[in-house]
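Numbers here are sequence positions counted from 1. Nothing here was measured: the structure is a model prediction, and the numbers come from that model. Just so you know, ligand 1 is whichever comes first in the structure, and atom 1 is the first atom listed for that ligand.
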Amino acid sequence: MPISHGLLELKEHSEIEIKDLFLKARAIKNSQRRKTPEFFGLTAALLFFESSTRTRFSFETACARLGVYPLILSGAEGTSLIKGESIEDTILNLKSMNPEVFIVRCGDGFDLRQIAQQTGKVFINAGWGMHGHPTQALLDCFCWQEYVSNIRGKKLLIVGDIKHSRVAASHRELAQILGYEVAFCGPASFLPQTAGPIVFEKLSEGLQWADAVMALRVQLERHQTKMTLDQYVANYQLNPKTIQGLSSSALIFHPGPVNYGIELDLSILKDSRCRILNQVEHGVWLRQALLQVILEESL
Ligand code: CP
């Protein structure tokens with residue numbers, strides 16, 4: 001499926017398509033014009049059935065800059081979901097208003113692929129349970145390549161709650177396409193059961209290996225683990241002491257939201273290698289490029 005027809009999982013897309021998307025995002029980044037309202041009068045349905053700050057506002061900003069009107073559903077409050085209407089029926093009704101694209105965040109219990117097929121509309125996965133978060137992985141790599149030119153062969157260490165992370169799941173797919181290496185680091189109960197990337201038990205060893213490190217939010221609410229936060233902080237927190245072995249040219253990422261004091265010490269934000277807020281900035285350009293590719297097809 002070409003990316004202009006939707007983005008549910010990265011494994012369905014090619015290196016050529018993704019690199020083309022990065023080129024478009026870079027052109028937007030380098031453009032002096034903040035607004036390109038070429039899609040005035042079109043609508044995009046932003047349906048966030050689960051909470052979001054970065055992804056929702058990033059897509060809203062991208063829509064505003066393109067002249068697309070965002071139809072926003074943010075949680076059940078104020079909608080007929082609280083009267084018992086299903087997500088599926090909500091989407092079917094909105095389809096009758098004919099938005100050009102659906103941008104959806106939902107849980108694992110909802111079948112995004114099935115509704116995309118049923119409606120025949122273009123869908124973007126804006127964070128689907130633990131399946132994946134493709135635009136996050138794309139913006140991470142777009143941001144990364146803007147600092148290192150070429151990420152092929154580079155090494156990304158993902159630290160923390162990998163088992164429950166849709167971001168880690170999307171990086172596993174994207175690494176296969178773009179040719180960077182992914183390794184995981186965390187306590188055994190935070191790691192996926194499936195075979196795959198290299199695993200570092202010790203943070204210090206992983207950091208020595210890495211060209212970039214991405215910390216993830218600890219989702220203790222999802223674990224049956226006996227590990228306490230104190231143990232996690234002692235063994236896996238990124239702070240000035242633990243990152244001493246990280247190369248001076250390596251970059252530090254986090255998809256957000258960050259629990260400062262747990263997976264990251266607040267002082268990391270001041271580290272010259274930290275790119276957390278740059279990720280957010282690049283996310284708007286990347287999402288603007290993605291919407292542009294999709295909307296050009298619908299004109
Ligand atoms: N990175 C990310 O998806 O953040 P939000 O949950 O705030 O959208």
Side-chain angles (χ1 to χ4, degrees), residues 7-10 21 25 44-65 70-77 87 101-110 112 123-144 146 156-175 182 186 190 212-222 238 251-260 262-264 266 268-269 274-291:
L7 175 57
L8 295 182
E9 292 179 281
L10 286 164
L21 192 66
L46 274 66
L47 310 182
F48 283 72
F49 299 103
E50 294 195 340
S51 59
S52 167
T53 297
R54 278 146 293 273
T55 312
R56 202 197 91 195
F57 285 109
S58 181
F59 271 114
E60 274 188 66
T61 306
C63 284
R65 290 182 183 169
L71 308 172
I72 300 161
L73 183 156
S74 185
E77 193 67 30
I87 291 179
V101 54
F102 282 90
I103 300 161
V104 181
R105 170 164 293 192
C106 59
D108 286 306
F110 184 69
L112 203 49
F123 274 72
I124 297 174
N125 168 359
W128 177 12
M130 291 186 280
H131 283 267
H133 193 351
T135 61
Q136 180 68 47
L138 286 171
L139 77 86
D140 295 338
C141 286
F142 172 51
C143 181
W144 191 11
E146 290 296 277
L156 174 66
L157 180 73
I158 303 183
V159 182
D161 197 353
I162 292 139
K163 191 176 182 174
H164 296 109
S165 172
R166 54 190 171 214
V167 178
S170 285
H171 271 292
R172 284 180 78 162
E173 291 179 24
L174 193 52
V182 169
F190 282 23
V213 57
M214 174 178 290
L216 298 175
R217 184 175 79 86
V218 175
Q219 303 179 49
L220 275 184
E221 71 277 11
R222 296 185 192 260
L238 302 189
L251 299 180
I252 301 170
F253 296 121
H254 193 306
V258 181
N259 289 314
Y260 287 105
I262 302 178
E263 67 266 16
L264 278 189
L266 188 58
I268 293 291
L269 261 187
C274 179
R275 293 289 174 270
I276 295 173
L277 297 177
N278 306 100
Q279 284 171 268
V280 178
E281 189 179 32
H282 283 76
V284 176
W285 295 316
L286 186 280
R287 290 176 173 128
Q288 198 173 330
L290 175 61
L291 286 175

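- Two residues are said to be in side-chain contact when any heavy atoms from C-beta on lie closer than 4.5 Å; D108 and H131 meet this criterion.
- Polar contact with ligand 1: absent for R56 (N/O pair, distance under 3.5 Å).
- Of the options A126, P255, S58, S51, the smallest heavy-atom separation from atom 1 (N) of ligand 1 is shown by P255.
- Cation-pi check for R287 over F59 is met; the charged atom lies under 6.0 angstrom from the ring centroid and within 45 degrees of its normal.
- Using a 4.5 Å heavy-atom threshold, the side chains of K163 and M130 count as separate.
- Listed by number with element, the atoms of ligand 1 under 4.0 Å from a non-hydrogen atom of T55 are 2 (C), 3 (O), 4 (O), 5 (P), 8 (O).
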Self-check item: Test log, rule side-chain contact (heavy atoms from CB on, under 4.5 Å), inputs R65 and V284
Solution: CA-CA 10 Å; R65 290 182 183 169; V284 176; 3.4 Å; yes
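- Relative orientation of the F142 and H282 rings is perpendicular, given thresholds of 30° and 60° on the angle between their planes.
- Residue contact check: T53 has heavy atoms under 4.0 Å from atoms 5 (P), 7 (O), 8 (O) of ligand 1.
- Of all protein heavy atoms, the one lying nearest to atom 4 (O) of ligand 1 is R54 NE, 3.0 Å.
- Protein heavy atom at the shortest distance from atom 6 (O) of ligand 1 is R105 NH1, 2.8 Å.
- Every atom of ligand 1 with a heavy atom of G256 under 4.0 Å away is listed here by number and element: 1 (N), 2 (C), 4 (O).
- Inter-residue side-chain proximity for E146 and N278 is flagged as unmet; no heavy-atom pair is nearer than 4.5 Å.
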